*Asks:* 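Input: one structure, supplied below.
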Amino acid sequence: MNLNTFAMYQKNILNITLALILAATTAFGQGTTPAPSAPAPTSSPTPAGNQGNRPNTPAQGQPQQGNNNTRPVTLPNGQVVDAPVNAQGNVVGPDGQVVPNTTTNDQGEVVPGNQKSDAANAVKSAEETANDLKRQARSQAEIARQELRESIFGYSLFSNENFSPIPEQSIGTPSDYTIAPGDNLTVSIYGYAQYPDQELEVNRDGDVNILRVGVVNLAGKTIQEAQKILMGRFSKFVPGMLGSGGNASQTKLLLTLGKIRPVNVFVTGEVIRPGSYTLNSLSSAFNALYSAGGPNEIGTFREVRVLRNGKVVSTFDIYDILLNGTSEGAIRIQDNDIVNVGFVKKRIEVTGNVRRPKLFEAKGNEKLGDIIQYAGGFTDNAYRARIQIKRISDKGERRILDVNGGEIDNFELVSGDVIEVQAVLDRFENIIVLEGAVMRPGEYSIDSNPTLKTLLENAQGLREDAFTGRITVMRTRDDQSVENITLNLRDIMNGEAEDLLLTRLDRIVIPSTFDQVEPSYVQISGEVNSADMGVNGMRVPYMANMTLEDLILMAGNFKESAKASQVEVFRRVRNSDAKAADADISEHFSFDVSRDLSLDGNDTRFVLYPFDEVIVRKSPNYQEQQYVGVEGEVLNPGSYGIISKNEKVSDLIIRAGGLTDLAYVKGATLIRTTEVSQFESQQTANALGQISSEVRKGTLNVSAGGQFRQEFVGIQLDQILKNPESDANIIIQEGDIIRIPKRLETVQVKGELLYPTTVKYNDDMNFLDYISQSGGFTRSSLRRSSYIKYPNGSVDRTRRFLMFNVYPKVEPGSEIYVPEKGQTALTPQQILQQGISVTSTLFTLILSVLAFRNIR
C-alpha cells in the first residue's frame with residue numbers, strides 16, 4: 001500500500017474547505033448585489049451608468065422559451081421597457097430561468113426580491129454541498145487509514161476483540177507488587193501462634209494501623225519487603241515468629257492483597273484513542289496501551305515509554321511481546337503514570353514470498369536479515385539468491401537494488417524501502433519425461449538417467465504392447481525450439497544401434513500397437529435384454545475368438561419376443577471389386593440359435609469379425625396383451641382385452657353386456673389414440689400455419705401436437721347394432737375408448753354471440769332458433785363459417801346456396817359454435833358500398849339472362 005495515501009486525503013479535505021469558503025463568499029456577494037434591471041429595446045439606447053447591470057435577455061425577433069409573456073415593466077430609473085415575465089410576474093432571462101432577486105408588482109414595476117433570504121439559501125446550499133464532500137473525503141480517508149493500519153505488523157493484536165490482556169483481580173498476590181495508598185492488605189498469622197486475620201488499608205500517607213503493632217509505613221514497599229517488616233514488628237510479642245538456633249520459624253506471617261485499588265493512567269502520543277484510563281493496580285503499561293487501541297498508523301511499536309513523575313522509568317518493545325512473548329519493559333503501572341507512543345522512525349514493507357508480508361518497523365541497528373525474520377522467514381518456494389529492494393533515491397525517484405543471498409544479514413535499510421522476495425522459476429533444471437507404453441511413465445531426473453536404455457531400465461521396461469519399430473524423442477533446443485528425433489528402439493535394445501544420450505527437457509514417446517489400429521467393436525440390436533441397448537443397438541469391444549452366442553450372452557440373452565430361429569449377421573466386405581456394378585456391399589449370415597446358449601453340440605461356432613452387426617428379429621406371431629375401454633351407458637363398463645385381430649365395435653358392446661335403457665346411441669363416439677412422430681407433427685404444423693395465413697376471414701388456432709394424439713372417430717352405433725356386417729362396424733385398436741353417453745336433452749351454443757349459453761333441446765327448433773336463444777349474432781360473428789359438433793364426434797358446417805346460408809340439423813347433445821371474424825368490422829359506409837356492388841351485380845346478371853332469352 002502507498003504510504004502517501006493518507007496525506008493525499010488530508011490535502012483533499014483542505015481543498016474542500018477552501019471550496020466551502022469560496023462558495024459562501026460568492027453567495028453573500030450575490031445577496032448584496034443590486035437587482036439587475038430589465039433590458040431596454042434595441043431601438044432605445046442603454047442609459048449611461050446602467051450597462052454593467054443589464055441582464056441577458058433575448059434579442060428582438062427571437063422566440064421566447066417556455067410559456068413566458070412580454071409585458072411593459074418599469075425600471076428603477078423610471079424607464080419603461082418590454083421584458084419577458086412568467087405567470088408569477090418574475091422577470092426571466094433568455095434561457096427561461098427567473099432572473100435572481102427581481103419581480104414585478106401590480107403596476108408592472110420591477111422590484112427587488114428577498115435578497116437576504118436568497119443569500120442565506122445560497123450559503124446553506126453551499127454548506128450542505130461542502131459538508132457532503134467533507135463527509136465523503138473523510139470516509140475515503142478513514143478507509144485508507146484503516147487499510148494502512150491493517151497492513152502494519154502488530155496492529156491485529158490490538159484490533160482483536162477476543163484478546164483481553166487486562167489481568168483478573170482473582171489472581172495470586174505478586175511478590176513484587178508495590179504497595180501504594182488505597183491498597184487493602186490482609187495479614188494472616190498461623191502456625192505455633194494463631195491470630196485472627198487483620199484487614200489493613202493503606203492511607204494517603206502510606207501508613208497502615210495494626211493492632212498491638214501500631215502505625216507502619218508500607219508505601220513504596222513490595223509485598224515481599226512489607227512482609228519482612230511486619231514479621232520484625234510482630235516478632236516482639238508473637239513467639240516463634242523469627243525462629244532460633246538455626247531452626248525455622250514455627251509461626252508464619254502471610255501478607256496478601258485484598259481489594260485491588262484502581263489506578264489512573266494517561267496514554268498519549270500516536271495511539272488510536274489517546275486519553276485517561278482507569279485500570280486496576282495489577283495492570284501493566286501494555287495493558288494501558290491495549291485499552292487505548294494500540295499505536296496508530298504513524299505510531300511506533302518499538303519504543304513505548306512509561307513516564308512517572310516526569311521521568312522515563314521504562315521503555316518496552318511491542319515486537320518482543322509479539323515474537324518472543326516477553327514484556328520486560330512493560331512494567332506494572334502506578335497512579336498518574338503516562339504511557340507515551342512516539343512517531344515511527346523507520347518503516348519497511350516486505351512483499352512476496354515470505355510467511356508474513358507486512359509493514360515492519362526497524363530500529364537503527366537492524367539489518368535486512370532482521371526484517372526477514374520479523375516477516376516469518378522465507379516461504380518454501382522463495383528465491384533466496386537475490387532479494388530486490390525498491391528505494392526512493394536522493395533525486396526524488398525510485399531505484400532498484402539487488403541484494404545477493406550472502407549480503408542479507410549485513411544490508412542496511414532506510415525508511416520507505418520495499419523488500420520483494422520473488423519465487424523460484426516454475427521449471428526444472430534436470431527433467432526428462434517418458435510417455436507411452438512403458439511400465440512407469442512420468443518425470444525422471446537426467447542425472448540418474450543419462451541414456452535412453454538406462455531410462456527404460458529405471459522405468460521397469462516396456463509394456464507388451466509397445467511399438468518399438470519407431471519411437472519419437474522431442475528435444476528442446478537452447479533457443480527453445482523443438483526438434484523431432486526418430487529412432488528404432490528395437491535396434492537400440494538389441495545393440496544394433498547406438499544408445500541415445502538424453503538432454504534436459506527431452507520428451508520420449510513410445511507408442512502402443514493399439515494406437516496404430518482403429519478401435520474394433522461388434523454391434524447387436526433387436527430383441528435382447530441388455531439395459532444398455534440404445535436406438536441403434538449396443539456396441540461391444542471386439543475380442544478375438546468371440547462367437548455369436550458370446551455376443552448374445554453379453555447382451556442379456558433373448559427376449560421372450562425374439563425370433564431365435566432367424567438371427568442375422570452382416571459383415572463388411574473387405575475385398576470387393578469396386579468397378580463391378582453388382583459388387584457386394586456386405587456379407588449376410590442367418591442362424592438358428594438355441595435359446596439355452598449352452599456350449600454344446602447345438603452351438604453355431606460362428607466366430608465374429610471386427611465390425612460385425614448382429615440383428616435379432618421379433619417373432620411375427622408374438623403379440624403383447626392389448627386393451628380397449630368401454631365407458632358410459634353399458635351394463636359392464638371397463639377395460640377389455642382384444643381377443644382377435646378383427647374384433648369390431650359390435651363385438652365389444654356385446655362383451656360389455658349391451659346398452660342400458662338410458663343410453664343415447666346417436667351420441668356414441670370412439671376415441672382413438674395415435675402415435676405421432678416428430679416429423680409428422682412438424683409437417684402438420686407447417687401445413688396448418690400455411691392454411692391459416694391464407695384465410696382472410698375468421699381465426700384459426702394451430703397446434704403442432706405432441707408425441708401422442710387423441711382423435712374422435714364418429715361412429716353410427718345405431719346402424720352398427722342393427723347390421724353388424726355393415727361397413728360402419730369398424731375394427732377396434734389398442735387404446736380405443738368407446739364412450740356411450742346418457743340421453744342428452746340440451747344443446748350448447750358457443751362462440752361470438754351476445755349471450756352464449758346452454759339451451760334445452762326441442763324437436764321443433766332449428767339452428768337459428770338456438771342462436772336466437774343465445775341472444776343472436778354480433779357484428780363480429782362469422783355466420784357462414786358456423787358449424788355444429790354432434791355427440792358422436794362428427795362435425796357439420798354451414799353451407800352456402802346463392803346468397804343464403806343453409807345451417808345444419810341440430811340433435812340433442814350437440815355443440816353449436818360461431819367463430820369470430822378475423823378482420824375489423826365493416827363501417828356502415830363500407831356495408832352500403834358492398835350492398836350497392838352486390839345489387840349492381842344482380843341487375844347485370846338479370847339483364848344478361850333476359851337478353852339471352854330474347855335472342856333465343
Side-chain angles (χ1 to χ4, degrees), residues 149 152-155 157-158 163-167 174-183 202 204-206 217-226 260-348 359-367 370-371 374 413-415:
R149 290 173 180 173
I152 297 174
F153 174 65
Y155 173 76
L157 176 67
F158 297 96
F163 174 69
S164 179
I166 306 300
S175 59
D176 59 345
Y177 178 80
T178 302
I179 299 173
D183 280 338
V202 183
R204 293 184 179 182
D205 297 328
N217 187 278
L218 298 179
K221 304 294 190 298
T222 65
I223 292 292
Q224 187 176 8
E225 294 172 346
I260 302 175
R261 75 179 187 278
V263 294
N264 189 43
V265 63
F266 300 93
V267 184
T268 62
E270 300 303 324
V271 293
I272 302 295
R273 296 180 299 273
S276 175
Y277 293 90
T278 300
L279 305 174
N280 60 56
S281 57
L282 296 176
S283 301
S284 67
F286 177 76
N287 302 145
L289 181 62
Y290 178 83
S291 299
N296 60 20
E297 63 277 2
I298 59 175
T300 178
F301 280 71
R302 307 301 304 275
E303 190 176 356
V304 180
R305 301 184 303 164
V306 180
L307 291 85
R308 185 173 298 161
N309 299 324
K311 296 181 180 180
V312 178
V313 295
S314 178
T315 301
F316 65 94
D317 188 345
I318 300 177
Y319 278 21
D320 288 340
I321 301 175
L322 294 171
L323 300 174
N324 305 321
T326 60
S327 56
E328 296 179 357
I331 61 175
R332 188 173 291 111
I333 56 175
Q334 296 184 12
D335 206 17
N336 295 324
D337 278 356
I338 298 175
V339 179
N340 179 261
V341 177
F343 290 97
V344 60
K345 298 178 181 179
K346 183 189 293 187
R347 180 174 286 167
I348 311 297
L359 288 171
F360 295 92
E361 184 178 349
K363 289 185 176 180
N365 58 348
E366 289 181 337
K367 305 295 190 298
D370 300 320
I371 303 300
Y374 292 156
L413 297 171
V414 299
S415 183

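By convention here, the first residue in the shown sequence is residue 1. We use all heavy atoms of the structure for the numbers below, so side chains are in, but hydrogens, waters and symmetry mates are not. Everything numeric here is computed off the predicted structure, so don't read it as measured data.
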*Asks:* What about the rings of Tyr319 and Tyr374, do their centers lie closer together than 6.0 Å?
*Replies:*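 Aromatic pair counts; centres sit under 6.0 Å.
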*Asks:* Minimum heavy-atom separation for Tyr177 to Ser281, with atom names?
*Replies:*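 Here Tyr177 and Ser281 meet closest at OH-OG, 2.6 Å.
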*Asks:* Quick one: pull up CG in Asp183 and CD1 in Ile223 and give me the separation to the nearest 0.5 Å.
*Replies:*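 Going from the CG atom of Asp183 to the CD1 atom of Ile223 covers 7.5 Å.
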*Asks:* Which heavy atom of Ala292 sits nearest to which heavy atom of Val267, and what is that distance?
*Replies:*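 Answer, listing the atom of Ala292 first, then Val267: CB-CG1, 3.5 Å.
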*Asks:* Please test Leu289 against Phe316 for side-chain contact (heavy atoms from CB on, under 4.5 Å), starting from the C-alpha separation and ending with a verdict.
*Replies:* CA-CA 11 Å; Leu289 181 62; Phe316 65 94; 4.3 Å; yes
*Asks:* To the nearest 0.5 Å, how far apart are OG in Ser284 and CD1 in Ile331?
*Replies:*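 If we round to the nearest 0.5 Å, Ser284:OG and Ile331:CD1 are 9.5 Å apart.
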*Asks:* So, taking the atom named CG in Asn264 and the one named OG1 in Thr278, what distance separates them when rounded to the nearest 0.5 Å?
*Replies:*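 It comes to 4.5 Å.
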*Asks:* State the CZ-CZ distance between Phe301 and Arg347, to the nearest 0.5 angstrom.
*Replies:*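 The distance works out to 7.5 Å.
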*Asks:* Taking atom CD1 of Ile338 and atom CG of Asn309, what is their separation to the nearest 0.5 Å?
*Replies:*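 That separation rounds to 9.5 Å.
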*Asks:* Does NZ belonging to Lys345 count more than 12 external heavy atoms closer than 6.0 Å?
*Replies:*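 No.
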*Asks:* Can you give me the closest heavy-atom contact between Gly206 and Pro181, atom names plus distance?
*Replies:*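 Minimum heavy-atom separation between Gly206 and Pro181: N-CG, 4.2 Å.
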*Asks:* Show the nearest heavy-atom pair for residues Val339 and Val265, with the distance to one decimal.
*Replies:*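 Closest approach of Val339 to Val265: CG2-CG2, 4.1 Å.
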*Asks:* Check the angle between the aromatic planes of Phe286 and Phe158 and answer parallel, tilted or perpendicular using the 30° and 60° thresholds.
*Replies:*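 Geometry flag for Phe158 against Phe286: tilted rings.
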*Asks:* Between Arg261 and Asp335, is there a salt bridge with N-O shorter than 4.0 Å?
*Replies:*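 So Asp335 does not pair with Arg261 through a salt bridge.
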*Asks:* Under a 3.5 Å distance rule, please check whether Lys346 uses its side chain to pair with a backbone N or O of Val344 as donor and acceptor.
*Replies:*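 Not a single qualifying donor-acceptor pair exists.
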*Asks:* What pair of heavy atoms forms the shortest contact from Ile371 to Ala362, and how long is it?
*Replies:*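 Heavy-atom minimum between the residues: CD1-CB, 3.6 Å.
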*Asks:* Do side-chain atoms of Asn280 reach the backbone of Ser283 as a donor and acceptor pair under 3.5 angstrom?
*Replies:*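 Present.
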*Asks:* First locate atom OG1 of Thr315, then atom CZ of Arg302, and finally report the distance between them rounded to the nearest 0.5 Å.
*Replies:*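 It is 13.0 Å, given to the nearest 0.5 Å.
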*Asks:* Here's a test for you: under side-chain contact (heavy atoms from CB on, under 4.5 Å), which of Leu322, Ile318, Leu359, Ile348 qualifies with Phe153?
*Replies:*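 The single option meeting the side-chain contact (heavy atoms from CB on, under 4.5 Å) with Phe153 is Leu322.
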*Asks:* Determine yes or no for a side-chain-to-main-chain donor-acceptor pair under 3.5 angstrom, with Ser314 supplying the side chain and Gly329 the backbone.
*Replies:*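 Yes, Ser314 side chain to Gly329 backbone: donor-acceptor pair under 3.5 Å.
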*Asks:* Any chance you could lay out the side-chain contact (heavy atoms from CB on, under 4.5 Å) test for Val313 and Gln334, step after step, and finish with the verdict?
*Replies:* CA-CA 11 Å; Val313 295; Gln334 296 184 12; over 6 Å; no
*Asks:* Distance-only, no hydrogens or angles: does the Asn217 side chain make a donor-acceptor pair with backbone N or O of Asp205 under 3.5 Å?
*Replies:*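 Such a contact is found between Asn217 side chain and Asp205 backbone.
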*Asks:* According to side-chain contact (heavy atoms from CB on, under 4.5 Å), who are the partners of Arg273, at least two apart in sequence or on a separate chain?
*Replies:*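 With neighbours one apart ignored, the set is Tyr277.
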*Asks:* Dump the intermediate steps for side-chain contact (heavy atoms from CB on, under 4.5 Å) on Asp320 and Glu328, then the final yes or no.
*Replies:* CA-CA 9 Å; Asp320 288 340; Glu328 296 179 357; over 6 Å; no
*Asks:* Counting C-beta onward and ignoring hydrogens, is there a side-chain heavy-atom pair between Thr300 and Glu361 closer than 4.5 Å?
*Replies:*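 Answer yes - side chains close enough.
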